[in-house]
Amino acid sequence: MKMDLIQPFINSLDAVIAETMGCSAEIADVSMDEGNYQRTGVAALVGISGEIEGRVILDMDTAAAHQAAAELTGAVNEQTETAARETVCELTNMVIGNAVTQLNNMGFKFRVHPPEIYALSSGLLGSRDTEAVVLRFETPKGTVHLNIAVRYKQRRSGERFATGVLCP
Amino acid sequence: MEFKPLTCEDKPKVRFLVVDDSVFARKNLCKMVQAFGGEIAAEAGDGVAAIAEYDSTHPDIVLMDITMPKMEGIEAVERIVRDHPDARIVMVSSVGYQDNILSALQKGARHFVQKPVKPEALYEIIRYVLNDKAVETPATAGVTRS
């Protein structure tokens with residue numbers, strides 16, 4: 001997978017976590033995932049369609065999601081599962097929205113679908129063309145995973161002969 | 001941060017319609033509106049509900065998301081402005097690419113702010129839209145409808 005497609009998501013997650021949760025997010029691990037993604041906490045999925053297509057999953061550990069929900073809504077004593085899910089959905093929306101803004105401004109045309117809760121503990125398969133990159137971020141408030149499986153639907157003419165665009 | 005209460009045409013409180021499919025985002029925006037001294041006239045979770053709520057509550061200002069189920073925000077703006085040309089609508093979306101912003105402004109939105117929303121930036125944008133007072137922040141420069 002081309003790094004150009006991944007970097008905007010990394011930048012965006014860092015910026016959104018800093019702005020909304022007031023802390024930094026450091027990349028602790030990067031891996032490739034061709035199997036079912038198993039969420040570790042509260043996760044939301046956003047689909048992307050157009051010149052770039054695929055999906056991105058943001059997965060936040062449950063304690064961090066509860067804490068973020070309490071801090072962001074000001075409801076410190078209201079640590080419900082629903083609030084945690086809504087918080088993760090909206091954080092996902094912001095991270096993906098900011099990332100696709102950067103990609104769109106680079107010339108890629110596509111649309112983003114509303115976030116959905118990723119409720120399954122195992123789910124979508126990667127494929128040869130949509131092998132997922134899984135980034136583990138550590139924040140002072142907990143762990144966040146970003147699972148990115150996106151690809152060019154149709155390479156633009158200028159990139160048709162570029163090497164190393166997709167892997168393998 | 002403390003905000004001087006917003007005013008609009010000598011009304012005691014500025015009334016807002018908050019439109020977003022995320023309950024969390026609506027809560028967050030409502031919290032900001034209250035900090036600005038505004039009042040929530042109604043909330044809606046999609047474009048169709050937003051049009052209905054606008055027709056029944058006639059708010060002073062609308063905060064409108066873009067990516068929503070049933071009907072997206074830009075289409076809702078077009079329909080609201082078609083029936084209510086004076087509607088003051090501020091787009092609040094995480095997707096802030098140029099095509100989206102231009103399209104929203106062409107359909108009649110007055111301004112655009114990208115999520116995550118900074119309360120102080122939103123406050124200045126709302127003041128600008130309500131009072132036509134030129135306030136330009138780095139986050140908003142160049143996105144006002146001409």
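Lettering of chains follows the sequences in order, A, B, ..., and the numbering in each one begins at 1.
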Identify whether B/I89 and B/V48 are in the same connected component of the hydrophobic contact network (ILVMFWY, side-chain heavy atoms under 4.5 Å). yes
Indicate if B/V129 and B/I40 have the same hydrophobic cluster label, given that clusters are the connected sets of ILVMFWY residues with side-chain heavy-atom separations under 4.5 angstrom. yes
Nearest heavy-atom approach of B/Q98 to A/N105 is N-OD1, 3.7 Å
Out of A/T87, A/V95, A/L91, which one racks up the most heavy-atom pairs below 4.5 Å with chain B? A/T87
Looking only at non-hydrogen atoms, find the nearest pair between B/T67 and A/H113 and report the distance. CG2-C, 4.0 Å
Hydrophobic clusters here meaning ILVMFWY residues chained together by side-chain heavy-atom distances under 4.5 Å, can you tell me if B/I125 and B/L102 are in one? no
Could you walk me through whether A/M94 and B/Q114 pass the side chain to side chain contact (heavy atoms under 4.5 Å, CB included) test, one step at a time? CA-CA 9 Å; A/M94 286 189 236; B/Q114 189 165 11; over 6 Å; no
Answer yes or no: is there an ion pair linking B/R26 with A/E90, defined by an N-O contact shorter than 4.0 Å? no
Choice from A/N93, A/L103, A/T20 maximising heavy atom contacts with chain B below 4.5 Å: A/N93
Using only atom types and a distance under 3.5 Å, with no angle test, would you say the side chain of A/N98 pairs donor to acceptor with the backbone of B/K115? yes
Which heavy atom of B/S22 sits nearest to which heavy atom of A/E86, and what is that distance? OG-O, 4.5 Å
Count the heavy atoms belonging to other residues, nucleotides or ligands that lie under 6.0 Å from NZ of B/K70, then report whether that count exceeds 12. no
Same cluster (ILVMFWY, side-chain, under 4.5 Å), B/L130 and B/F3: yes
Any sub-3.5 Å donor-acceptor pair from A/T101's side-chain atoms to B/V95's backbone N or O? no
Give me the atom names and distance for the closest heavy-atom approach of A/P114 to B/M68. CG-C, 4.3 Å
NZ/A/K109 to OH/B/Y97 distance, rounded to the nearest 0.5 angstrom? 8.0 Å
Linking I/L/V/M/F/W/Y whenever any side-chain heavy atoms sit under 4.5 Å apart, do A/M32 and A/L58 land together? yes
